[in-house]
Amino acid sequence: MSIFDRFVPKGTGEQEKKSFPSTPYRKMFSALDATGKEAKAQYPDDGETVEDFVWALKEVCRTRYKKALDRPDSIKAEARFFLSKDRMSAYACLIPPENDGEEITLEEFLGDMYYEGISYGVLEDEIQREFALGYLHIFPVARGKPPQAGEDGKVTELFQRRKNMRLEVQDGSQVDFGQDVQLQPIRKGTAICLIRPPRAGMNGMDVTGQELPCPEAVSAFVPQGEHTAIERGGQALTASVDGILYIENDRFCIHEQKIIDGDLDNFQGTLQISGNLYIGGNVDGGVDVVASGDVVINGKIGQARVTSTGGTIRVQKGIYGTRGKTALSAACQVQSPALEGAEVEAGTSVIAETILNSTIHCGGTVYVMSGRGMIVDSLIRAGDSILCLRIGNLAGGRSQFSVGYPPHIPESWKRIKEELAEVQSTFEKLWDPIVLLKRKGNRISDEEKTLLERLMEQRELYIERREALAAELKIVNRALDRKSRGRIRCEKLHPFLDVQIGRLTEEITTIEENCNIHVEENRILLK
């Protein structure tokens, strides 16, 4: 459930506010100074944040006022948000409309806040109350949670640490049964040790949903050896077979005597469909679906793997997945209003309204041009272009885009270069001992001669590997050297964005508008 769904009742109408005529921005400054003073008095720990927010709001008001004077067009009211430096608090202020522009509703305010990345610790009751106070009023909208320390794990051993796994052979022909036999029989499933897992502390979280890790609790060493298993939800070390329990290399082991029960296997298959597939609801729970034709899902996708080997995947209500557990692969196109926490492979193109925290490999173009039109914290490799309205948000983060080449080419280029550098480094390290041994000439010992032969063999292997990598890199470079028409277009870009087009890379660390990122005369240009 989103922030919006949580505390905006259905049927909420337009918020009633008095019409705000154009006001000289200096009067707005006075109003902002007054509300800033009130906020600092009410929240003294956030004094610096409020003060910085007031300065930012003044600049916004000045710009809007000048824009209203220059053009008779109406300017809609808007919500502005500001994060403290530690991101543990977020503040908001409503900026009044100009030239009889439209008012802002609570629904729009909440939507803007969510897509600015303010998603945790939302002050639900306060927002509704403070929003009703109207424009040029500074108020908090979210508070983060600091981390709390946990507790280290512990292991309690239930058996003695005896080293014997068999009866010892005694001298003579008789056995003294009066002597204590140092053996410990054990049955399958019996607990050997009780394990108290580390009790994790509570991670904190800032208002953008970024975790603030608590000090890591340390797991206790579990003396698990042969024929033992950690069971009971990780809370016990148990015997996997019937046998004799003994200790070896500081670990409990079992010398197997008899098998009582077999293992319990959990099997999860794949739903395979020949032709098109229609699913009327949601897809979740680790389901694996493969169809040869088009796949239409009328609900949402959570944790699932969906593949279309010969068609398009359409998800009607969005993909809200988990990294590593949500994946889509389509021979043609992937369509979804929202792509969050997903790994996507699309043969031709991807169409979405928002892409958050996702990895996309697309043979053609990625279109995010409707709705919010936003891409945040995502890795996208497009064979053609990436077209969207907005990249990034106030919460920051980093996206990585490459365009104009087959989506796996840039990754192969990076991998080959790294491996080639490693091979070259190892090759150079081998050369020094080879030179030293060769200089000995006839004075070289048999042992050194053997070492030299071994080093020469290794050197030849590295030469072969270096040549193979160089040939592979040459092919990839040839592909990257081809002129590309790939572009990244957006109306607004928030840092940070890493761009790769061919072998050219660029890190964009500033806020930019009306971007048309492309290559011209062997340079990456933003306009």
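Remember, it's a predicted structure, so these values are computed and weren't measured experimentally.
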| request: Begin with the C-alpha distance, continue with both residues' side-chain angles, and end with the deciding distance and a verdict on side chain to side chain contact (heavy atoms under 4.5 Å, CB included) for Leu94 and Phe131. | output: CA-CA 8 Å; Leu94 305 179; Phe131 183 87; 3.6 Å; yes
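- Ring planes of Tyr43 and Tyr91: perpendicular class, angle over 60° (limits at 30 and 60°).
- Other residues, nucleotides and ligands place no more than 12 heavy atoms under 6.0 Å from the CD atom of Glu102.
- More than 12 heavy atoms of other residues, nucleotides or ligands shown are found within 6.0 angstrom of CD on Glu507.
- Applying the 6.0 Å contact sphere to CD of Glu422 captures no more than 12 heavy atoms from other residues, nucleotides or ligands.
- A salt bridge does not link Asp152 to Arg196: none of the charged side-chain nitrogens sits closer than 4.0 Å to a carboxylate oxygen.
- A donor-acceptor pair shorter than 3.5 Å can be found between the side chains of Glu103 and Tyr135.
- A 6.0 Å sphere centred on NZ of Lys76 holds more than 12 heavy atoms belonging to other residues, nucleotides or ligands.
- Taking both residues in full, the closest heavy atoms of Arg71 and Asn99 are given as O-ND2, 3.2 Å, listed atom of the first, atom of the second, then distance.
- To the nearest 0.5 Å, atoms CZ (Arg232) and OG1 (Thr238) are separated by 6.5 Å.
- Between atom CZ of residue Arg489 and atom OH of residue Tyr367 there is a gap of 10.5 Å, rounded to the nearest 0.5 Å.
- The line from OH of Tyr120 to CZ of Arg87 is 16.0 Å long, rounded to the nearest 0.5 Å.
- Remark: the backbone N or O of Arg398 is paired with a side-chain donor or acceptor of Asp377 at under 3.5 angstrom.
- Closest non-hydrogen pair, Phe401 versus Ser378, comes out as CE2-O, 4.0 Å.
- Here the options are Lys40, Lys85, Arg143, the test is salt bridge (Lys or Arg N to Asp or Glu O under 4.0 Å), and the partner is Asp46; only Arg143 passes.
- Side-chain contact annotation: Gln500 with Thr505, donor-acceptor N/O pair under 3.5 Å absent.
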| request: Report the C-alpha distance between Val289 and Ile297 in whole Å, list the side-chain angles of each, state the deciding distance to 0.1 Å, and finish with yes or no for side chain to side chain contact (heavy atoms under 4.5 Å, CB included). | output: CA-CA 11 Å; Val289 177; Ile297 297 170; over 6 Å; no
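- Ring to ring, Phe81 and Tyr115 are not that close: their centroids are 6.0 angstrom or more apart.
- Of all heavy-atom pairs spanning Thr326 and Gly341, the tightest one is CB-O, 3.7 Å.
- Scanning all heavy atoms of the two residues, the minimum distance from Leu57 to Cys93 falls at CD1-CB, 3.7 Å.
- For the residue pair Arg381/Ser402, the side-chain donor-acceptor check at 3.5 Å is satisfied.
- Counting non-hydrogen atoms of other residues, nucleotides and ligands closer than 6.0 Å to CD of Glu151 gives a total above 12.
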| message | Applying salt bridge (charged side-chain N to carboxylate O under 4.0 Å, His left out) to Lys58 and Asp33, what does each step give before you reach the verdict? | response | CA-CA 9 Å; Lys58 286 181 178 180; Asp33 286 335; 2.8 Å; yes
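- For CE of Met369, the number of neighbouring non-hydrogen atoms (other residues, nucleotides, ligands) closer than 6.0 Å is greater than 12.
- In this structure, the separation between CD1 on Ile386 and CD1 on Ile380 is 4.5 Å, given to the nearest 0.5 Å.
- Shown here is Arg305, whose CZ atom has no more than 12 heavy atoms of other residues, nucleotides or ligands within 6.0 Å.
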| Does the pair Glu512 and Thr510 meet the rule for a side chain to side chain donor-acceptor pair (under 3.5 Å), with working shown? | CA-CA 6 Å; Glu512 301 289 343; Thr510 56; 2.6 Å; yes
